[in-house]
Number of protein chains: 2
Amino acid sequence: MQLQYMTKTQQNTVCAHLDRAKLKHTKARFAVLSVLLEARSPLTIEDIQRQLKVKVHTVTLYRMLKKFVESGIVYQTDLRTGKAYYEFQKEHHHHVTCTDCGLQEEVKTCVARLQNNAQKETKNFKNINTHSLEFFGVCNKCTSG
Amino acid sequence: MQLQYMTKTQQNTVCAHLDRAKLKHTKARFAVLSVLLEARSPLTIEDIQRQLKVKVHTVTLYRMLKKFVESGIVYQTDLRTGKAYYEFQKEHHHHVTCTDCGLQEEVKTCVARLQNNAQKETKNFKNINTHSLEFFGVCNKCTSG
DNA sequence: TTCTATGCAAATAGTTTGCACTAAA
DNA sequence: TTTAGTGCAAACTATTTGCATAGAA
């Protein structure tokens, strides 16, 4: 498959991920992952659809993203807005979200060590696989305004 | 207001919280907070409604819980099930949730220090007010089964 | 009496499901 | 040619909104 809207490097990244997850290479998947690769903050299904250069049905997006999350290509998170946010799983990181305007900023602060502590503490779980960590506040713009 | 289903201590707790939040003392609010005080894990709106000894309309529950969350009486969290979970804000803590059966366990492990790190790191936020931290895994029962 | 809280009906938003068709391997 | 992916219609679930009534301060 030849895509004009992706660099060779991006295509290789995408192919590698799809192969590892045993998912077929389709136009729709390339298009979606290309959007996610370019994104600078987590995107909703609607965001993704708006940014797509190819038309992909909403239902397909939901099913696709679900697979991506299951296979670890994409990280799904909840930003207290009532909808799911997705982002390409690069280096592990988290966000601060403005509870007023929704502004999002990435922070590298992570909780891997605490996951170990929780692991030691729990009695019902031999393995904690993952975590979700989000910070909330009011951003400077909204504070002053 | 006299409630037979609450201890004196619980009533005092509830009153204090309502006063601090400048919310009126109503039967519905006492009933809901009583359920949350007894709960040993986060509850959905549906859970709360099922456990109520008094009939409270679903819409009222949504509005009530929203106020409680805003005023810090109740902690709202997302457990990746598509609905909101609520719990009385006692000592700050978090959960491990089984991605198979939904079993929840409390853990004391917290992230207050990391919130400070994030605070130092961010450029857009003078104040980070709160965070959401959840761990996910497959519980022992589901692992063996 | 005044303002907040509640109930009811209806709408909205996000997400899921069933089924038929298409396309990748 | 077989199985996975996609589109479309419709359903479903959680949550919100508008408006009239009831109840706390």
Side-chain angles (χ1 to χ4, degrees), chain A residues 1-3 11 14-35 42-50 52-71 73-74 76-86 99 102, chain B residues 1-3 11 14-35 42-50 52-71 73-74 76-86 99 102:
Chain A
M1 195 172 302
Q2 266 314 71
L3 285 332
Q11 285 198 44
V14 169
C15 287
H17 277 93
L18 291 177
D19 288 344
R20 192 167 43 73
K22 297 207 172 87
L23 296 174
K24 290 183 177 174
H25 301 194
T26 70
K27 273 201 191 62
R29 282 182 179 150
F30 273 77
V32 168
L33 287 174
S34 136
V35 167
L43 302 180
T44 62
I45 292 285
E46 209 191 336
D47 295 334
I48 295 171
Q49 197 161 43
R50 205 176 317 111
L52 277 172
K53 292 173 187 69
V54 183
K55 203 169 255 160
V56 181
H57 200 278
T58 313
V59 171
T60 304
L61 290 178
Y62 276 106
R63 286 195 270 232
M64 192 186 297
L65 271 297
K66 193 172 195 179
K67 291 232 165 194
F68 288 167
V69 171
E70 282 167 8
S71 55
I73 300 178
V74 163
Q76 175 174 353
T77 189
D78 173 87
L79 265 18
R80 296 192 183 173
T81 60
K83 38 195 156 181
Y85 286 75
Y86 304 90
T99 48
Chain B
M1 195 172 302
Q2 265 313 70
L3 285 332
Q11 284 197 45
V14 169
C15 287
H17 276 93
L18 291 177
D19 288 345
R20 192 167 45 72
K22 299 205 172 87
L23 296 175
K24 290 183 176 172
H25 301 194
T26 70
K27 274 201 190 62
R29 283 184 178 149
F30 273 77
V32 168
L33 287 174
S34 140
V35 167
L43 302 180
T44 62
I45 292 285
E46 209 192 337
D47 294 334
I48 295 172
Q49 197 161 43
R50 206 178 314 114
L52 277 172
K53 292 172 186 69
V54 184
K55 204 169 254 160
V56 181
H57 199 277
T58 314
V59 171
T60 304
L61 290 178
Y62 276 106
R63 285 195 269 230
M64 193 187 295
L65 271 299
K66 194 172 194 177
K67 291 232 165 192
F68 288 166
V69 170
E70 281 167 9
S71 55
I73 301 179
V74 163
Q76 173 173 354
T77 188
D78 172 87
L79 266 16
R80 296 191 182 173
T81 61
K83 39 193 156 183
Y85 285 77
Y86 304 91
T99 49

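In the text below, chain A, chain B and the rest are named by the order of the sequence lines, each starting its count at 1.
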Dump every N/O contact between nucleotides 1-5 of chain C and the protein below 3.5 Å, one line per pair.
{"unit_1": "C/dC3", "atom_1": "O2", "unit_2": "B/K24", "atom_2": "NZ", "d": "3.4"}
{"unit_1": "C/dT4", "atom_1": "O4'", "unit_2": "B/K24", "atom_2": "NZ", "d": "3.2"}
{"unit_1": "C/dA5", "atom_1": "OP1", "unit_2": "B/R29", "atom_2": "NH1", "d": "2.8"}
{"unit_1": "C/dA5", "atom_1": "OP1", "unit_2": "B/R29", "atom_2": "NH2", "d": "2.7"}
{"unit_1": "C/dA5", "atom_1": "OP2", "unit_2": "B/K67", "atom_2": "NZ", "d": "3.1"}
{"unit_1": "C/dA5", "atom_1": "O5'", "unit_2": "B/R29", "atom_2": "NH2", "d": "3.2"}

Exercise. B/T81 and B/T44: side chain to side chain contact (heavy atoms under 4.5 Å, CB included), yes or no, with the steps?
Worked result: CA-CA 10 Å; B/T81 61; B/T44 62; 5.7 Å; no
Exercise. A/L61 has an atom CG; how far is it from atom P of D/dG5, in whole Å?
Worked result: 14 Å
For this session: Find out whether B/K67 and B/R63 are in side-chain contact, i.e. whether some heavy atom of one side chain is under 4.5 Å from a heavy atom of the other.
Result: no
Problem set entry | Whole-Å distance separating the CZ atom of A/F30 from the P atom of C/dA23 | 17 Å
Exercise. How would nucleotides 8-17 of chain D be written as a contact map, 5' to 3', with B for base contact, S for sugar-phosphate-only contact and - for no contact, using protein heavy atoms under 4.0 Å?
Worked result: BB----SBBB
Problem set entry | Side-chain touch A/L18/A/R29, heavy atoms, less than 4.5 angstrom | yes
Exercise. Passes side chain to side chain contact (heavy atoms under 4.5 Å, CB included), A/K66 versus A/V69? Steps please.
Worked result: CA-CA 5 Å; A/K66 193 172 195 179; A/V69 171; 5.9 Å; no
Problem set entry | Heavy-atom check, side chain of A/D47 versus side chain of A/V35, under 4.5 Å | no
Problem set entry | Separation between CZ of B/F68 and CG of B/L61, rounded to the nearest 0.5 Å | 9.5 Å
Seminar exercise, completed: Shortest non-hydrogen pair, B/S71 vs B/R20, comes out as O-NH1, 4.1 Å
Problem set entry | Exercise: identify the closest heavy-atom pair between B/Q11 and B/F30 | O-CE2, 4.3 Å
Exercise. Are any non-hydrogen side-chain atoms of B/Q49 and B/T58 less than 4.5 angstrom apart?
Worked result: yes
For this session: Show your working on side chain to side chain contact (heavy atoms under 4.5 Å, CB included) between A/H25 and A/D19 and close with a plain yes or no.
Result: CA-CA 8 Å; A/H25 301 194; A/D19 288 344; 2.7 Å; yes
Problem set entry | Distance in angstrom units between A/L52 CG and D/dT6 P, rounded | 12 Å
Exercise. To the nearest Å, how far apart are A/D47 CG and C/dG14 P?
Worked result: 10 Å
Exercise. To the nearest 10 degrees, what angle separates the axes at the start and end of the helix from C/dT1-D/dA25 to C/dA25-D/dT1, five pairs each?
Worked result: 40°
